[in-house]
Amino acid sequence: MFTLIQNLDMAFIKFIYPFKWNFITKIMIFFTWLGNHGVIWLLLCLLMLLSKKYRKLGILSLISLGICALIVNVSLKPLIQRARPFEEINGIILLIKTPLDRSFPSGHTAASFTMVYIFFRHIRRFFLPIVITAIMISISRLYLNVHYPTDIIASIIIGLLSGFLGEKLFSRLLSYLKN
């Protein structure tokens with residue numbers, strides 16, 4: 001089963017690889033850059049922490065992103081050790097700095113969808129720009145050949161789960177502090 005999934009993933013990357021346009025490449029590099037180290041999401045958390053109205057959501061977001069980082073970077077990437085598409089498919093020219101960690105799952109995508117969960121559940125007024133940014137970051141990872149489609153799909157699920165788990169943990173922390 002894993003071989004079939006790997007073959008489908010590689011076929012997809014080989015199919016989309018030739019479709020590169022200078023203008024779109026610049027946009028994709030920009031969105032990947034936004035997601036590097038979760039900086040866009042950490043800055044958003046900082047903005048929420050500075051606002052009395054959104055401070056609790058800033059803390060919730062940081063907890064959720066922490067859970068996401070533990071799942072993705074501390075647990076799954078070292079455990080699964082999946083090579084990236086540019087390492088496996090001959091002839092792919094990398095358009096960004098070589099990532100130092102493994103492919104599965106995508107930290108960029110997981111962190112992005114952690115924030116999608118938070119904003120969908122708590123700040124719907126700003127949900128649309130968050131989800132568009134998350135989708136663009138995810139697509140950029142495929143376009144730039146640093147992730148496979150299944151990396152992205154799994155990372156969306158992990159991100160949403162991280163938001164959910166963060167919400168549950170934060171709720172328990174608040175109830176504990178009130179007692």
Side-chain angles (χ1 to χ4, degrees), residues 1-14 16-17 28-46 58-119 130-131 133-173:
M1 183 63 151
F2 178 75
T3 304
L4 173 65
I5 292 169
Q6 181 70 10
N7 289 339
L8 288 171
D9 271 347
M10 290 178 86
F12 179 84
I13 296 297
K14 288 176 184 177
I16 66 165
Y17 181 71
M28 293 300 149
I29 290 171
F30 171 74
F31 276 100
T32 276
W33 174 80
L34 276 182
N36 285 347
H37 310 291
V39 170
I40 185 74
W41 308 123
L42 293 173
L43 287 174
L44 190 55
C45 289
L46 179 62
I59 295 167
L60 165 60
S61 298
L62 286 173
I63 289 170
S64 298
L65 287 170
I67 290 169
C68 181
L70 287 172
I71 293 170
V72 171
N73 296 11
V74 177
S75 301
L76 293 177
K77 280 186 185 269
L79 178 68
I80 295 171
Q81 290 287 313
R82 186 179 196 188
R84 292 181 179 271
F86 68 86
E87 298 171 310
E88 294 288 310
I89 301 170
N90 291 329
I92 288 182
I93 298 168
L94 197 57
L95 302 172
I96 59 172
K97 186 178 171 186
T98 304
L100 300 177
D101 58 356
R102 306 311 283 163
S103 185
F104 184 88
S106 166
H108 283 69
T109 301
S112 297
F113 278 86
T114 298
M115 296 305 285
V116 164
Y117 179 90
I118 301 296
F119 275 76
I130 298 299
V131 77
T133 302
I135 290 168
M136 291 302 295
I137 289 171
S138 302
I139 291 170
S140 77
R141 305 306 282 167
L142 288 171
Y143 182 91
L144 296 170
N145 304 298
V146 292
H147 284 290
Y148 294 103
T150 52
D151 298 344
I152 301 302
I153 294 165
S155 300
I156 291 169
I157 295 166
I158 291 165
L160 297 173
L161 177 65
S162 297
F164 173 79
L165 293 173
E167 193 175 59
K168 295 300 174 198
L169 179 60
F170 186 62
S171 175
R172 287 195 179 194
L173 286 171

**OP:** Count the heavy atoms belonging to other residues, nucleotides or ligands that lie under 6.0 Å from CZ of Phe170, then report whether that count exceeds 12.
**Re:** yes
**OP:** Quick one: list whatever passes side-chain hydrogen bond (donor to acceptor under 3.5 Å, both in side chains) with Asn145, sequence neighbours left out.
**Re:** none
Original post:
What are the two closest non-hydrogen atoms of Met115 and Cys45, and how far apart are they?
Top reply: CE-SG, 4.3 Å
**OP:** Pick out which of Ser155, Ser103, Pro105 makes a side chain to side chain contact (heavy atoms under 4.5 Å, CB included) with His147.
**Re:** Ser103
Original post:
Taking Ser162 for the side chain and Ser64 for the main chain, is one N or O donor matched with an acceptor at less than 3.5 Å?
Top reply: no
**OP:** Check whether any side-chain heavy atom of Thr98 sits under 4.5 Å from a side-chain heavy atom of Phe86, and report yes or no.
**Re:** yes
Subject >> Trace of the side-chain contact (heavy atoms from CB on, under 4.5 Å) decision for Ile63 with Leu173 >> reply: CA-CA 11 Å; Ile63 289 170; Leu173 286 171; 4.0 Å; yes
Subject >> Nearest heavy atoms of Leu169 and Ile67, plus distance in Å >> reply: CD2-CD1, 4.3 Å
Original post:
Between the side chain of Asp9 and the main-chain N/O of Thr150, is any donor-acceptor distance below 3.5 Å?
Top reply: yes
**OP:** Output yes when a side-chain donor or acceptor of Lys77 lies under 3.5 Å from a complementary backbone atom of Phe104, and no otherwise.
**Re:** no
Original post:
Would a distance-only check, ignoring hydrogens and angles, find a side-chain to backbone donor-acceptor pair under 3.5 Å from Glu88 to Pro85?
Top reply: no
**OP:** Please determine, by modelled atom types, if Thr32 and Ser140 share a side-chain donor-acceptor pair under 3.5 angstrom.
**Re:** yes
Subject >> Intermediate values then yes/no, side-chain contact (heavy atoms from CB on, under 4.5 Å), Tyr143 and Ile16 >> reply: CA-CA 7 Å; Tyr143 182 91; Ile16 66 165; 5.5 Å; no
Original post:
When you measure from the side chain of Thr114 to the backbone N and O of Ala110, does any donor-acceptor pair fall under 3.5 Å?
Top reply: yes
Subject >> Straight-line distance of Leu62 CG to Trp41 CH2, nearest 0.5 Å >> reply: 13.5 Å
Subject >> CD1 on Ile156 to CG on Leu161, rounded to 0.5 Å >> reply: 13.5 Å
Original post:
If only atom types and distance count, is the side chain of Tyr148 paired as donor or acceptor with the main-chain N or O of Leu8 below 3.5 Å?
Top reply: no
Original post:
Distance-only, no hydrogens or angles: does the Arg84 side chain make a donor-acceptor pair with backbone N or O of Val146 under 3.5 Å?
Top reply: yes
Subject >> Under 3.5 Å donor-acceptor, His108 side chain and Ser138 backbone >> reply: no
Subject >> Pair Ser112, Arg141: side-chain N/O donor-acceptor within cut-off below 3.5 Å >> reply: no
Subject >> Point-to-point distance, once rounded to the nearest 0.5 Å, from CD of Glu87 to CG of Leu94 >> reply: 9.0 Å
Original post:
Does atom CD1 of Ile93 have more than 12 heavy-atom neighbours, drawn from other residues, nucleotides or ligands, at distances under 6.0 Å?
Top reply: no
Original post:
Just wondering, do Leu142 and Phe12 contact through their side chains at under 4.5 Å, heavy atoms?
Top reply: yes
Original post:
Out of curiosity, Ile92 CD1 to Leu144 CG, how far, rounded to the nearest 0.5 Å?
Top reply: 11.0 Å
**OP:** Verify side-chain contact (heavy atoms from CB on, under 4.5 Å) between Ile139 and Phe31, making sure each step is shown before the conclusion.
**Re:** CA-CA 9 Å; Ile139 291 170; Phe31 276 100; over 6 Å; no
Subject >> Distance (rounded to the nearest 0.5 Å) between Leu160 CG and Ile118 CD1 >> reply: 10.0 Å
Original post:
Are Arg82 and Asp151 close enough, and set up right, to give a side-chain contact (heavy atoms from CB on, under 4.5 Å), and what steps lead you there?
Top reply: CA-CA 9 Å; Arg82 186 179 196 188; Asp151 298 344; 2.7 Å; yes
Subject >> From CD1 (Ile158) to CG (Leu76), nearest 0.5 Å >> reply: 5.0 Å
Original post:
Is the shortest heavy-atom distance from the side chain of Ile89 to the side chain of Lys14 under 4.5 Å?
Top reply: yes
